[in-house]
Amino acid sequence: MKISSWNVNSVRARLDNIKNYIEISEPDILFLQEIKTEEKNFPFDFFKDLKFECHVNGQKAYNGVSILSKKKLINIETNIVKDNLNQARYISSDIKFGKNLIKLVNVYVPNGNPINTLKYDYKLNWLSNFTKLIEKIKKNYEFLIIGGDFNIIPEDIDVHDPNRYKNDALFLPEVREYYKKFIQMGLIDIFREKHPNTIEYSFWDYFANSFKRNNGMRIDHFFITEAIRKKVKSISINKKPRSKIKPSDHTPIELIIT
DNA sequence: ATGGCCGAGATCCTCGGA
(Lines give C-alpha, C1' and ligand atoms only; values in the text may rest on other atoms or scores of the structure.)
Protein backbone atom coordinates (compact mmCIF):
# COMPACT_ATOMS: atom_id res chain seq x y z
CA MET A 1 0.00 0.00 0.00
CA LYS A 2 1.39 3.34 -1.07
CA ILE A 3 0.56 6.41 1.01
CA SER A 4 1.61 9.79 -0.35
CA SER A 5 1.54 13.18 1.32
CA TRP A 6 1.54 16.37 -0.73
CA ASN A 7 1.00 20.03 0.04
CA VAL A 8 -0.66 21.00 -3.25
CA ASN A 9 -1.05 24.75 -2.65
CA SER A 10 -4.69 24.81 -3.84
CA VAL A 11 -6.40 21.62 -4.99
CA ARG A 12 -8.49 23.36 -7.65
CA ALA A 13 -5.48 25.08 -9.24
CA ARG A 14 -3.60 21.77 -9.28
CA LEU A 15 -6.09 19.30 -10.82
CA ASP A 16 -4.02 18.47 -13.92
CA ASN A 17 -0.85 18.01 -11.91
CA ILE A 18 -2.55 15.87 -9.26
CA LYS A 19 -4.19 13.68 -11.90
CA ASN A 20 -0.86 13.23 -13.67
CA TYR A 21 0.78 12.33 -10.38
CA ILE A 22 -1.91 9.79 -9.50
CA GLU A 23 -1.66 8.12 -12.92
CA ILE A 24 2.11 7.81 -12.80
CA SER A 25 2.78 7.18 -9.12
CA GLU A 26 -0.43 5.29 -8.26
CA PRO A 27 -0.86 6.05 -4.56
CA ASP A 28 -3.60 4.10 -2.76
CA ILE A 29 -3.97 6.92 -0.26
CA LEU A 30 -3.12 10.56 -0.77
CA PHE A 31 -2.90 13.13 2.02
CA LEU A 32 -3.36 16.65 0.68
CA GLN A 33 -2.57 19.88 2.50
CA GLU A 34 -3.37 23.49 1.67
CA ILE A 35 -6.35 22.60 -0.48
CA LYS A 36 -7.51 26.25 -0.05
CA THR A 37 -11.19 25.55 -0.51
CA GLU A 38 -14.34 24.86 1.41
CA GLU A 39 -15.74 21.34 1.27
CA LYS A 40 -18.70 22.47 -0.86
CA ASN A 41 -16.29 23.47 -3.66
CA PHE A 42 -14.03 20.42 -3.40
CA PRO A 43 -13.71 18.48 -6.71
CA PHE A 44 -15.21 15.23 -5.37
CA ASP A 45 -16.39 14.03 -8.81
CA PHE A 46 -12.98 14.63 -10.40
CA PHE A 47 -11.36 12.25 -7.91
CA LYS A 48 -14.27 9.81 -7.98
CA ASP A 49 -13.49 9.32 -11.69
CA LEU A 50 -9.95 8.40 -10.60
CA LYS A 51 -11.45 5.85 -8.14
CA PHE A 52 -10.83 7.82 -4.95
CA GLU A 53 -13.18 8.54 -2.10
CA CYS A 54 -12.43 11.94 -0.56
CA HIS A 55 -12.71 13.18 3.01
CA VAL A 56 -12.32 16.89 3.39
CA ASN A 57 -11.67 19.38 6.14
CA GLY A 58 -11.80 22.63 4.21
CA GLN A 59 -12.03 26.36 4.69
CA LYS A 60 -12.23 29.31 2.32
CA ALA A 61 -8.99 30.50 0.66
CA TYR A 62 -6.51 29.18 3.23
CA ASN A 63 -5.31 25.93 4.75
CA GLY A 64 -7.52 22.86 4.42
CA VAL A 65 -6.62 19.16 4.37
CA SER A 66 -8.12 16.07 2.79
CA ILE A 67 -7.56 12.35 2.54
CA LEU A 68 -8.13 10.62 -0.82
CA SER A 69 -8.34 6.84 -0.71
CA LYS A 70 -8.94 3.89 -3.00
CA LYS A 71 -9.67 1.79 0.06
CA LYS A 72 -12.53 2.26 2.47
CA LEU A 73 -11.77 4.59 5.36
CA ILE A 74 -13.61 4.63 8.66
CA ASN A 75 -13.81 6.91 11.70
CA ILE A 76 -13.03 10.22 9.99
CA GLU A 77 -12.20 12.97 12.47
CA THR A 78 -11.48 16.64 11.80
CA ASN A 79 -10.34 19.59 13.88
CA ILE A 80 -9.82 17.64 17.07
CA VAL A 81 -6.66 19.63 17.81
CA LYS A 82 -7.45 22.45 20.23
CA ASP A 83 -7.19 25.54 18.04
CA ASN A 84 -8.34 29.02 19.11
CA LEU A 85 -8.51 30.15 15.45
CA ASN A 86 -10.35 26.99 14.37
CA GLN A 87 -8.32 26.57 11.18
CA ALA A 88 -8.63 23.46 8.99
CA ARG A 89 -5.33 21.71 9.65
CA TYR A 90 -6.19 18.20 10.80
CA ILE A 91 -7.98 15.16 9.42
CA SER A 92 -7.58 11.55 10.46
CA SER A 93 -9.11 8.18 9.75
CA ASP A 94 -8.75 4.49 10.46
CA ILE A 95 -8.12 1.84 7.85
CA LYS A 96 -8.10 -1.93 8.03
CA PHE A 97 -4.77 -3.41 6.96
CA GLY A 98 -4.64 -7.17 7.16
CA LYS A 99 -5.68 -7.99 10.71
CA ASN A 100 -4.56 -4.60 12.01
CA LEU A 101 -6.25 -1.24 12.27
CA ILE A 102 -4.04 1.67 11.26
CA LYS A 103 -4.65 5.25 12.35
CA LEU A 104 -3.87 7.73 9.57
CA VAL A 105 -3.26 11.35 10.59
CA ASN A 106 -2.93 14.09 7.97
CA VAL A 107 -1.65 17.41 9.29
CA TYR A 108 -0.84 20.91 8.13
CA VAL A 109 1.14 22.63 10.87
CA PRO A 110 1.05 26.47 10.90
CA ASN A 111 3.96 28.24 9.22
CA GLY A 112 4.55 30.71 12.04
CA ASN A 113 6.40 33.44 10.15
CA PRO A 114 7.19 36.13 10.86
CA ILE A 115 8.52 35.42 14.34
CA ASN A 116 7.77 37.80 17.22
CA THR A 117 4.15 37.95 16.09
CA LEU A 118 0.89 36.26 17.02
CA LYS A 119 1.44 33.90 14.08
CA TYR A 120 4.51 32.47 15.72
CA ASP A 121 2.74 32.13 19.07
CA TYR A 122 -0.10 30.40 17.28
CA LYS A 123 2.31 27.89 15.73
CA LEU A 124 3.91 27.00 19.07
CA ASN A 125 0.54 26.73 20.74
CA TRP A 126 -0.84 24.61 17.92
CA LEU A 127 2.16 22.29 17.99
CA SER A 128 1.78 21.93 21.75
CA ASN A 129 -1.88 20.95 21.40
CA PHE A 130 -1.15 18.65 18.47
CA THR A 131 1.60 16.88 20.41
CA LYS A 132 -0.79 16.29 23.33
CA LEU A 133 -3.36 14.82 20.96
CA ILE A 134 -0.78 12.50 19.34
CA GLU A 135 0.33 11.29 22.78
CA LYS A 136 -3.26 10.35 23.47
CA ILE A 137 -3.79 8.64 20.09
CA LYS A 138 -0.53 6.72 20.41
CA LYS A 139 -1.81 5.07 23.60
CA ASN A 140 -4.71 3.59 21.64
CA TYR A 141 -3.08 2.79 18.32
CA GLU A 142 -0.03 0.57 17.93
CA PHE A 143 -0.18 1.20 14.17
CA LEU A 144 0.02 4.93 13.60
CA ILE A 145 1.08 6.93 10.53
CA ILE A 146 1.28 10.72 10.74
CA GLY A 147 2.01 12.51 7.48
CA GLY A 148 1.90 16.06 6.29
CA ASP A 149 3.46 19.47 6.07
CA PHE A 150 5.01 19.98 9.51
CA ASN A 151 6.68 23.30 8.69
CA ILE A 152 9.67 22.10 10.71
CA ILE A 153 13.20 21.78 9.33
CA PRO A 154 14.60 19.04 11.57
CA GLU A 155 18.37 19.54 11.14
CA ASP A 156 21.00 21.52 9.21
CA ILE A 157 21.09 18.79 6.58
CA ASP A 158 17.43 19.48 5.81
CA VAL A 159 17.87 23.00 4.45
CA HIS A 160 20.08 24.46 1.72
CA ASP A 161 21.37 27.33 3.86
CA PRO A 162 20.97 26.69 7.60
CA ASN A 163 22.46 30.04 8.55
CA ARG A 164 19.86 31.93 6.54
CA TYR A 165 17.05 30.19 8.42
CA LYS A 166 18.41 30.37 11.95
CA ASN A 167 15.80 32.97 12.93
CA ASP A 168 13.01 31.48 10.87
CA ALA A 169 9.82 30.00 12.34
CA LEU A 170 10.62 26.70 10.58
CA PHE A 171 14.04 26.30 12.15
CA LEU A 172 14.18 27.98 15.56
CA PRO A 173 15.21 25.62 18.39
CA GLU A 174 11.86 25.85 20.19
CA VAL A 175 10.10 24.72 17.00
CA ARG A 176 12.58 21.92 16.32
CA GLU A 177 12.00 20.88 19.92
CA TYR A 178 8.62 19.53 18.78
CA TYR A 179 10.33 17.35 16.18
CA LYS A 180 12.52 16.01 18.98
CA LYS A 181 9.43 15.44 21.13
CA PHE A 182 7.94 13.21 18.42
CA ILE A 183 11.18 11.23 18.33
CA GLN A 184 11.26 10.97 22.14
CA MET A 185 7.67 9.77 22.05
CA GLY A 186 8.91 6.79 20.03
CA LEU A 187 7.81 8.04 16.64
CA ILE A 188 10.19 7.58 13.73
CA ASP A 189 11.03 10.09 11.00
CA ILE A 190 11.11 7.24 8.53
CA PHE A 191 12.65 9.21 5.66
CA ARG A 192 15.64 10.22 7.74
CA GLU A 193 16.00 6.76 9.24
CA LYS A 194 16.08 5.06 5.83
CA HIS A 195 18.24 7.78 4.29
CA PRO A 196 20.50 8.95 7.13
CA ASN A 197 22.87 11.10 5.09
CA THR A 198 20.88 12.06 2.02
CA ILE A 199 20.26 15.71 1.23
CA GLU A 200 16.75 15.78 -0.18
CA TYR A 201 14.06 18.42 0.00
CA SER A 202 10.28 18.46 -0.19
CA PHE A 203 9.80 22.20 -0.70
CA TRP A 204 11.36 24.85 -2.93
CA ASP A 205 9.84 28.31 -2.92
CA TYR A 206 8.66 29.98 -6.11
CA PHE A 207 11.19 32.79 -5.85
CA ALA A 208 14.53 33.21 -7.51
CA ASN A 209 14.74 29.89 -9.36
CA SER A 210 14.85 28.04 -6.07
CA PHE A 211 14.02 24.67 -7.61
CA LYS A 212 16.61 24.92 -10.37
CA ARG A 213 19.23 25.94 -7.85
CA ASN A 214 17.98 23.27 -5.42
CA ASN A 215 17.45 25.88 -2.69
CA GLY A 216 14.98 23.75 -0.81
CA MET A 217 14.10 22.35 2.56
CA ARG A 218 12.68 19.11 3.98
CA ILE A 219 9.55 20.06 5.90
CA ASP A 220 7.08 17.37 4.81
CA HIS A 221 7.39 14.24 6.90
CA PHE A 222 6.03 10.83 7.77
CA PHE A 223 6.25 9.84 11.42
CA ILE A 224 5.43 6.23 12.18
CA THR A 225 5.32 3.88 15.15
CA GLU A 226 7.62 0.90 15.70
CA ALA A 227 4.86 -1.50 14.61
CA ILE A 228 4.58 0.27 11.24
CA ARG A 229 8.36 0.44 10.84
CA LYS A 230 8.44 -3.35 10.50
CA LYS A 231 6.07 -3.06 7.52
CA VAL A 232 7.91 -0.30 5.66
CA LYS A 233 9.13 -1.27 2.22
CA SER A 234 10.32 2.16 1.11
CA ILE A 235 10.09 5.88 1.73
CA SER A 236 11.06 8.49 -0.81
CA ILE A 237 10.57 12.04 -1.97
CA ASN A 238 9.29 12.27 -5.54
CA LYS A 239 10.78 15.41 -7.11
CA LYS A 240 9.03 15.03 -10.47
CA PRO A 241 5.81 16.94 -9.71
CA ARG A 242 7.82 20.01 -8.66
CA SER A 243 9.34 20.19 -12.16
CA LYS A 244 5.98 20.37 -13.98
CA ILE A 245 4.26 23.42 -15.45
CA LYS A 246 2.23 25.26 -12.78
CA PRO A 247 3.56 23.18 -9.90
CA SER A 248 2.91 23.31 -6.20
CA ASP A 249 5.90 24.63 -4.27
CA HIS A 250 5.96 21.28 -2.40
CA THR A 251 6.47 17.81 -3.84
CA PRO A 252 5.02 14.47 -2.63
CA ILE A 253 6.64 12.18 -0.09
CA GLU A 254 5.77 8.51 -0.59
CA LEU A 255 5.58 5.69 1.94
CA ILE A 256 5.08 2.07 0.90
CA ILE A 257 4.08 -0.54 3.49
CA THR A 258 3.50 -4.24 2.95
C1' DA B 1 19.90 43.55 3.10
C1' DT B 2 15.97 42.98 -0.01
C1' DG B 3 12.84 40.98 -3.05
C1' DG B 4 11.76 37.28 -6.09
C1' DC B 5 6.47 34.11 -7.12
C1' DC B 6 1.98 32.09 -6.62
C1' DG B 7 -3.26 31.37 -5.26
C1' DA B 8 -7.70 33.11 -3.40
C1' DG B 9 -10.88 36.59 -3.10
C1' DA B 10 -12.48 40.65 -3.47
C1' DT B 11 -11.06 44.90 -6.34
C1' DC B 12 -6.88 46.39 -10.03
C1' DC B 13 -4.61 45.29 -4.21
C1' DT B 14 -4.01 42.47 0.11
C1' DC B 15 -3.03 38.51 2.65
C1' DG B 16 -0.66 34.29 3.36
C1' DG B 17 2.80 31.22 2.28
C1' DA B 18 8.15 29.47 3.96
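No hydrogens, no waters, no symmetry mates; every other heavy atom, side chains included, goes into these values. Residue numbers begin at 1 in each chain, while the letters A, B, ... track the order of the sequences.
Rounded to an integer number of Å, the gap from A:His221 NE2 to B:dA18 P is 12 Å. Atom C1' of nucleotide B:dA18 and atom CZ of A:Arg218 are separated by 16 Å, given to the nearest angstrom. Regarding A:Glu34, its CD atom lies at a distance of 18 Å from the P atom of B:dC15, rounded to whole Å. Rounded to a whole Å, the CG atom of A:Asn209 is 11 Å from the C1' atom of B:dC5. Whole-Å rounding puts the A:Asn63 CG to B:dG9 P distance at 12 Å. Put simply, CD1 on A:Ile18 is 12 Å from P on B:dG7, counting in whole angstrom units. The nearest whole Å value for the distance from the CZ atom in A:Phe211 to the C1' atom in B:dA18 is 17 Å. At whole-Å resolution of the value, CG in A:Asn113 and C1' in B:dC15 are 15 Å apart.
Between A:Phe182 and A:His221, the distance separating the two ring centers is not shorter than 6.0 angstrom. A distance of 6.0 Å or more separates the ring centres of A:Tyr108 and A:Phe150.
Ranking B:dG17, B:dG3, B:dG16 by closeness to the A:Arg164 side chain, first place goes to B:dG3. For A:Asn9, taking side-chain heavy atoms from C-beta onward, the closest of the listed nucleotides B:dG7, B:dA10, B:dG4 is B:dG7. If you check B:dG16, B:dG4, B:dG17 against the side chain of A:Asn111, the one that comes closest is B:dG17. Side-chain proximity of A:Lys60 to B:dA10, B:dG7, B:dG17: nearest is B:dA10.
In this structure a side-chain-to-backbone donor-acceptor pair under 3.5 Å is missing from A:Glu39 to A:Gly58.
Among the heavy atoms of the strands, none lies under 4.0 Å from A:Asp205. Within 4.0 Å of A:Asn7, counting heavy atoms only, lie sugar-phosphate atoms of the nucleic acid but no base atom. As judged by a 4.0 angstrom heavy-atom cut-off over every strand, A:Phe171 is placed among residues making no nucleic acid contact. No contact: A:Asn215 has no heavy atom under 4.0 Å from any strand. Among the heavy atoms of the strands lying under 4.0 Å from A:Phe203 are primed sugar atoms or P, OP1, OP2 only; no base atom is included.
Mapping A:Asp249 and A:Phe207 onto DNA chain B by nearest heavy atom places A:Phe207 closer to the 5' end of the strand. Nearest-nucleotide assignment on DNA chain B puts the 5′-proximal partner with A:Tyr62, out of A:Met217 and A:Tyr62.
A heavy-atom distance below 4.5 Å is found between the side chains of A:Ile29 and A:Leu104. The shortest distance between side-chain heavy atoms of A:Tyr120 and A:Pro114 does not fall below 4.5 Å.
Neither OP1 nor OP2 of B:dG17 sits under 4.0 Å from any side-chain N or O of A:His250. When the side-chain nitrogen and oxygen atoms of A:Arg12 are compared with OP1 and OP2 of B:dG9, one or more of them lie within a distance under 4.0 Å. Distances shorter than 4.0 Å separate some side-chain N or O of A:Arg14 from OP1 or OP2 on B:dG7. Distances shorter than 4.0 Å separate some side-chain N or O of A:Asn151 from OP1 or OP2 on B:dA18. Remark: A:Lys119 is in phosphate contact with B:dG16, judged by side-chain N or O atoms under 4.0 Å from OP1 or OP2. Contact between the side-chain N/O atoms of A:Lys123 and the OP1/OP2 oxygens of B:dA18 is not found at any separation under 4.0 Å.
Atom name C1', nucleotides B:dA10 and B:dG16: the rounded distance is 15 Å, in whole Å. Here, B:dT2 and B:dC13 have their P atoms 24 Å apart, quoted to the whole Å. B:dC15 and B:dA1 are spaced 23 Å apart, taking the C1' atom of each and rounding to whole Å.
A salt bridge links A:Glu226 with A:Arg229: the closest approach of a Lys/Arg side-chain nitrogen to an acidic carboxylate oxygen falls below 4.0 angstrom.
Other residues, nucleotides and ligands place more than 12 heavy atoms under 6.0 Å from the CD1 atom of A:Ile24.
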